[in-house]
Amino acid sequence: MNGEMDSTAKEIAWEQDDLLKLLDAIKGNLPEKDLAKYKTSESHLDWEKVAFNSYSGEMCKQKWQEVSREIRKFRTLTELIVDAQDYVKNPYKGKKLKKHPDFPKKPLTPYFRFFMEKRAKYAKLHPEMSNLDLTKILSKKYKELPDRKKEKYVKDFLREKETFMLRMMKFRQDHPDLLENVNKKSNVPEKPKTPQQLWYFHEKKAFLKARPDATTKDIKDSVGKQWPQLSDKKRIKWITKSLEQKKLYEEKMREFIQQHPEMNMTEENIVKSTLTKAERQLKDKFDGRPDKPPSNGYSMFCAELMSSMKDVPSTERMVMCSQRWKLLKQSEKDAYQKRCEQKKKEYEVEMNRYLLSISEEEQQRILSEQKMGSFKKGGGGSSPASKKKSSKSSTEKPKPPVSAMFIFSEEKRPKLQQEKPDLSDMELTRLLARMWNELSDKKKEKYKNLEMTLKAESEKQSKEDKGKLPETPKTAQDIWQQSVIGDYLARFKNDRVKAQKAMEATWNTMEKKEKIMWIKKAAEDQKRYERELSEMRSPAPVVTPGKKMKFDGEPKKPPSNGYQKFSQEMLSNGELNHLPMKERMGEIGGRWQRLPQKEKDRYKRLAEEKQRQYKVLLEQWLASLSSQERATYKEYNSLVSHKFGSTHVLYQFDDDDVRFIACWSHCSFNMEFLTTTDKHMENEEVEDKENKSESSSSASSSDDSSDSDSD
């Protein structure tokens, strides 16, 4: 019975109207909230209720299963019906359009005509060959074919192509509904093309005119490799065209976003840039943007040295630069630093002039790229050690933007210096101020506009910096790659993917001793991150530089050694008040050295006694403080120890008692309370102790041990 019914269902031809009625009937029998999988809903459906006219429930079920095989099924059945209705109305939608019986067949290309003509002959000559080998032979034969013989295949192709175009036009006229979805493009403006894409399409058209039978592979092989070898002048042409396209695209996109709020599109959906970093730099250079100078004297030295080290591996260059820098005299290092500062001043003037010559939009872009709140930036140190200071820059307060008058002054100053070299800096500044006051409001306007731009950028940057987390610490491999990526990009012609793979392979083959330097740098970066994160989470109390925070009742700190006690006495008696402070301290040092050992020991004992008394008084005072006051005192001491670095005074606070703990300072434990001027004093005392130990060789071991304990 079932077999007869199946054959009946297959024999009956369903009309389009009947299929649509079937889908409506299925839709009408679905539950109101159909949230189950389509298979579940399909199995629970009462097909007898779906049946209509002469179609039984089983026939409807079989036809539905046949239709559902042609559509996607990863949604609910309610949603699936919509796709089914579209399929029934237009079964040749999308990629299935070519299966339509009236759709014209595309003509074979000249190569395929040659291939179909010769394949049987070569298959008989070489029966042992596979299809792939035959294809390779015929492809090679076609390429070697002279143009005279190729012309036959090209003519046949062009004749059939004309016929195909005519048939295609007729198909469009006869079936406009089928091509509606194909020809209907989105109203969203087309994205702008990159300079390379614009150049490629232009060259592709020219190539196809010369060789209409060329394949996509032929075009890519011939044209694709020419872009990296293109001159800068020719590239600029396509870069300019790409930027023009992008400008038009942005205008159209903004209009489209306003006209279609239902699309939920924002400014973020607009393409940001069509240029690569290298193309952007080339465009800026062509427009007259000055090259950024080295950040410090060491960087300038490295740049000049590296120009003559092209044969040296990139991993060794920085090491060699660092070693040679250390061999330079201080006067030579200072000369590099002075040259660097001069370059920076010239760069600032040229940059001001360049910014005034471009549009406001371009000014915003350059300022945001450089992340500068003003044209001036603090000069770096003159050695590799200065790089360590850069980690603190994120926590420093940003500088206010420069004024309109300052921009005017920086622009005019070099010219005035040449015209009037006899004027001092103060006189030049006064002259520029008079020139600014005499300037008309119309001419002042461009400088004021630039000032407002810089101010807005500075405010925006400060807001961003407030909520910004510290920069994520880098791994040793990341730091190494950052130092050598320029060389690898140059080697692989700016192909970043190949450069990245090559760098990873080099890193994996490097020996451990070669990696040690980068591992140390990664460890320093990790410490920097942890320090900045802790500072951000628990901001330290503000302490006025150069002033000690006062706590009521805190005992006064006594001298920590004999030399301090002696110098305190000399300074308090007023004997050396006629001398400047530098000479005064030198005189005290000289007198201390001329003092007999017996007197030095007396001052030392006095200092130790004062220290013992101070510790007792300090413990009593700390015990009298509340927990909140004690926490404030502890936080202040930790801040002071972190700030001065070389000498630390730390305390350990418990609920029951207060006691001193040792502090790590330059790879040694130091229990003494030293100020910033105590380093010289401590060194003097160490020398005295060494002299004393040499002179008192007859002392007993017990005395030695007690002396060492007290030291």
Side-chain angles (χ1 to χ4, degrees), residues 236 239-240 243-244 246-248 250-251 254 267 273 275 280-293 295 338 340-379 396-465:
I236 284 291
I239 289 169
T240 308
L243 288 172
E244 288 171 0
K246 183 179 174 290
K247 196 172 181 180
L248 291 170
E250 285 175 349
E251 291 172 3
R254 289 191 183 99
E267 292 281 336
S273 178
L275 307 185
R280 172 57 69 188
Q281 287 173 350
L282 179 63
K283 179 71 170 70
D284 287 344
K285 187 178 179 181
F286 186 80
D287 291 343
R289 181 175 177 175
D291 293 328
K292 196 172 182 181
S295 57
K338 283 178 184 176
C340 181
E341 293 298 331
Q342 184 61 34
K343 288 272 185 187
K344 282 183 181 180
K345 287 177 183 177
E346 291 171 4
Y347 170 74
E348 285 167 10
V349 174
E350 289 173 9
M351 194 64 178
N352 289 343
R353 196 177 293 118
Y354 170 69
L355 285 170
L356 292 169
S357 67
I358 57 178
S359 64
E360 191 175 338
E361 188 181 344
E362 284 294 293
Q363 288 175 12
Q364 289 281 4
R365 178 186 65 79
I366 290 167
L367 293 172
S368 61
E369 276 178 9
Q370 294 192 340
K371 296 181 180 178
M372 51 191 260
S374 64
F375 296 133
K376 278 202 167 187
K377 288 189 174 183
E396 288 176 2
K397 189 176 179 182
K399 293 181 182 179
V402 293
S403 63
M405 181 184 168
F406 178 81
I407 297 168
F408 168 79
S409 300
E410 288 299 303
E411 185 183 328
K412 302 293 182 186
R413 187 180 290 273
K415 189 178 177 182
L416 278 175
Q417 282 175 337
Q418 289 177 357
E419 291 175 358
K420 302 180 179 181
D422 54 322
L423 291 179
S424 65
D425 287 343
M426 183 64 74
E427 289 170 335
L428 265 176
T429 306
R430 286 173 184 166
L431 180 60
L432 286 164
R434 283 199 298 272
M435 288 171 66
W436 171 256
N437 291 332
E438 292 167 3
L439 208 65
S440 64
D441 292 339
K442 191 176 180 182
K443 289 183 179 179
K444 280 183 182 179
E445 194 174 348
K446 70 173 183 178
Y447 298 104
K448 288 180 179 178
N449 288 340
L450 190 54
E451 180 191 358
M452 289 172 68
T453 304
L454 292 169
K455 188 177 179 182
E457 186 64 31
S458 176
E459 288 173 358
K460 184 182 175 183
Q461 188 64 38
S462 62
K463 284 179 184 177
E464 288 176 1
D465 289 343

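- The backbone N or O of Ile236 lies less than 3.5 Å from no partner atom in the side chain of Lys283, so there is not a single donor-acceptor pair.
- Atom CG of Leu439 is separated from atom CE of Met405 by 11.0 Å, given to the nearest 0.5 angstrom.
- Within the model, atoms CE of Met351 and CD of Glu410 stand 14.0 Å from one another, a figure rounded to the nearest 0.5 Å.
- Summarising the geometry of Tyr354 relative to Asp287, their closest heavy-atom pair is CE1-O, 3.7 Å, with the distance given to 0.1 Å.
- From Ser440, atom OG reaches atom CD of Glu445 across 10.0 Å, with rounding to the nearest 0.5 Å.
- One finds the CD atom of Glu411 at 7.5 Å from the CG atom of Asn352 (value rounded to the nearest 0.5 Å).
- The two atoms that bring Glu451 and Ile407 nearest to each other are N-CD1, 4.2 Å, heavy atoms only.
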- Task: Decide yes or no on salt bridge (charged side-chain N to carboxylate O under 4.0 Å, His left out) for Lys246 and Glu250, but give the supporting numbers first.
- Result: CA-CA 6 Å; Lys246 183 179 174 290; Glu250 285 175 349; 2.3 Å; yes
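- Taking every heavy atom of both residues into account, Asp291 and Tyr347 meet most closely at O-CD1, 3.4 Å.
- Surrounding NZ of Lys444 are more than 12 heavy atoms belonging to other residues, nucleotides or ligands, all under 6.0 Å away.
- When Ile358, Leu355, Ile366 are each tested for a side chain to side chain contact (heavy atoms under 4.5 Å, CB included) with Arg289, only one passes: Ile366.
- Note that the NZ atom of Lys443 and the NZ atom of Lys448 stand 14.5 Å from one another [nearest 0.5 Å].
- Tyr447 pairs by the ring pair (Phe, Tyr, Trp, His ring centres under 6.0 Å) definition with Phe408, not counting sequence neighbours.
- Nearest approach of Lys446 to Leu356, heavy atoms of both residues: O-CD2, 4.4 Å.
- Listed here is the closest heavy atom pair of Arg413 and Thr429: NH2-OG1, 3.5 Å.
- Distance CE/Met452 to CG/Leu450: 11.0 Å, rounded to 0.5 Å.
- When all heavy atoms of Glu350 and Pro290 are compared, the pair lying nearest together is OE1-CB, 3.4 Å.
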